[in-house]
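Here is the structure we will look at, set down as structure tokens.
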Amino acid sequence: MSGAIVWLREDLRLADQPAFAAAAREGWVIPVYVLDDETPRHRRIGGAQRWWLHRSLASLDADLRKRGSRLVLRRGVAAHVLADLAAETGARRVHALRHYAPWWRNAERALADKVDLVLHDGVCLLPPGEVRTGAGDLYKIFTPFWRALRDRMPPAASIPAPERLGTPQEWPASDRLEDWALLPTRPDWAGGFDVWTPGETGAAERLEAFLPNVAAYDATRNLPSEEGVSYLSPHLHFGEISVAEVWRRASGPGAEPFLRELAWRDYAQNVILARPDYGKANGLPAFDPFPWRDVADPEVAADFRAWCRGETGYPIVDAGMRELWATGWMHNRVRMIAASFLVKHLLIDWREGERWFWDTLVDADYGSNSVNWQWSAGTGIDANMFVRIMAPLSQSEKFGAADYIRRWVPELSGLDDAVIHDPGEHGARPAAYPEKRIGHRAARERALAALSMIR
Ligand code: FAD
């Protein structure tokens with residue numbers, strides 16, 4: 001009997017996974033994950049995501065073993081490793097889902113030169129590149145993109161997980177997951193990550209828990225003190241649940257605001273398909289000469305460090321940055337405030353923040369991260385204009401962040417709602433909590449002066 005390899009990447013699931021379904025029809029199946037830390041231009045997976053990846057791979061292996069199969073782990077340049085494995089096992093072809101980060105597209109091209117590679121759609125609601133304007137162009141602006149995508153929903157019916165998977169006569173050798181050292185040890189900073197359950201079962205449970213709240217999402221999604229969002233982003237990034245399945249299950253009265261957010265994820269993949277360097281290059285080249293403060297300068301480096309550590313003196317920013325460090329995730333409203341603060345208050349290049357998020361977020365995604373950073377910075381093709389400078393203190397009040405701050409900034413846990421958003425202003429700043437790195441008005445003036453230099 002012949003068979004095929006399934007090359008797994010950020011699609012670590014069995015249900016609604018067209019690569020598994022296609023391979024299963026061909027005979028035996030060898031599921032493979034290749035850890036590639038070698039290829040130049042391949043962005044190494046960040047620290048927080050290594051933790052997630054370890055758990056997710058362990059979970060997928062356990063699910064495969066229930067079906068008589070297993071996960072083969074190999075390390076190296078994906079195209080070489082997979083071509084060698086195909087030769088070693090006599091696999092007829094390799095099935096995989098199509099991915100859009102530039103390094104994945106390079107790897108797909110390199111592998112297709114060596115083996116019969118069959119790529120399937122299944123990472124987005126609609127294949128990136130398919131949603132186009134009447135004139136056939138890709139959308140630059142999100143809202144018309146969303147309308148065009150919504151007109152083509154709902155997604156097709158789900159593909160059930162295979163009940164059994166055929167096995168090769170002999171399993172090829174596999175690395176041991178423990179030997180990949182994906183989990184932090186010295187120090188182990190991942191204690192707070194136990195709020196997560198990586199893997200397909202954990203993803204399904206998150207979705208079930210969120211479904212009763214879908215209709216309330218619009219009213220609660222901006223309130224960081226409440227659990228008003230789905231927490232599905234890392235599961236979606238690693239493909240432990242298909243976004244199509246989330247769409248189908250969440251659909252119903254009052255669901256549109258949530259479904260619209262799912263479409264942002266698709267939009268971001270469309271942007272990086274059209275502009276593979278979006279994580280490095282300004283969407284608007286007019287920003288190329290922007291006079292960012294230089295992080296090599298010790299004073300600027302101290303500002304950047306204070307932002308990373310949640311010690312800026314702005315409680316809402318600090319709460320967000322500490323939530324990020326502790327759990328690998330940050331509430332969306334607070335991501336927007338923290339990103340705007342880095343770029344506009346501290347005048348530090350958005351790329352520095354993008355890199356920090358890349359390393360610390362469990363949901364770090366090349367498309368979503370770069371699109372949202374460029375949106376926040378005002379440098380993107382569909383951006384919040386640079387001159388709209390978010391006021392962190394009034395945002396904090398408006399979105400009722402007092403409980404959120406008390407939770408993540410223990411120095412402020414004794415302060416009441418009236419003073420917690422801006423303790424310094426009310427003479428209520430405890431000695432243990434830092435002073436503001438820069439006042440809001442001074443920061444605003446500095447940012448606008450910098451902008452005028454490129455106008
Ligand atoms: P929900 O509000 O429940 O939304 C459901 C899903 O929709 C999310 O899981 C996500 O897949 C998608 N989604 C929602 N908002 C966005 C958005 N603005 N852009 C893209 N997809 C969205 N999201 C990432 O998945 N990875 C990132 O690396 C990332 N970096 C970001 C950086 C900045 C500066 C900002 C402002 C936002 C970033 N986001 C990123 C978007 C957003 O903050 C997260 O997707 C969201 O907070 C995840 O929480 P949730 O799953 O509870 O989202």
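Atoms within a ligand are numbered from 1 in the order they appear, just like the ligands themselves.
Taking the six-membered ring for Trp and thresholds of 30 and 60 degrees, W329 and Y231 have ring planes inclined between 30 and 60 degrees apart.
The 4.0 Å heavy-atom shell around ligand 1 contains residues Y217, V229, S230, Y231, L232, S233, L236, F258, E261, L262, W264, R265, W329, M330, N332, R335, M336, A339, F357, L361, D363, A364, D365, S368, N369, N372, W373, ordered by chain and number.
The pair D16-R248 meets the salt-bridge criterion, with a side-chain N (NZ, NE, NH1 or NH2) lying under 4.0 Å from an Asp/Glu carboxylate O.
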Identify every side-chain donor-acceptor pair in residues 399-408 under 3.5 Å, counting partners at least two apart or on other chains, and give the distances.
from: D403; atom 1: OD1; to: R406; atom 2: NH2; distance (Å): 2.8
from: Y404; atom 1: OH; to: E323; atom 2: OE1; distance (Å): 2.5
from: R406; atom 1: NH1; to: L415; atom 2: O; distance (Å): 2.8
from: R406; atom 1: NH1; to: D417; atom 2: OD1; distance (Å): 3.2
from: R406; atom 1: NH2; to: D417; atom 2: OD1; distance (Å): 2.7

Side-chain donor/acceptor pairs under 3.5 Å, residues 440-454, sequence neighbours excluded:
from: H440; atom 1: ND1; to: H345; atom 2: NE2; distance (Å): 2.8
from: R446; atom 1: NH2; to: H345; atom 2: O; distance (Å): 2.7
from: S452; atom 1: OG; to: A449; atom 2: O; distance (Å): 2.6

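Counting only distance, with no hydrogens or angles, the side chain of H331 and the backbone of R221 share a donor-acceptor pair below 3.5 Å.
Under the rule for a salt bridge (Lys or Arg N to Asp or Glu O under 4.0 Å), E205 has no partner lying at least two apart in sequence or in another chain.
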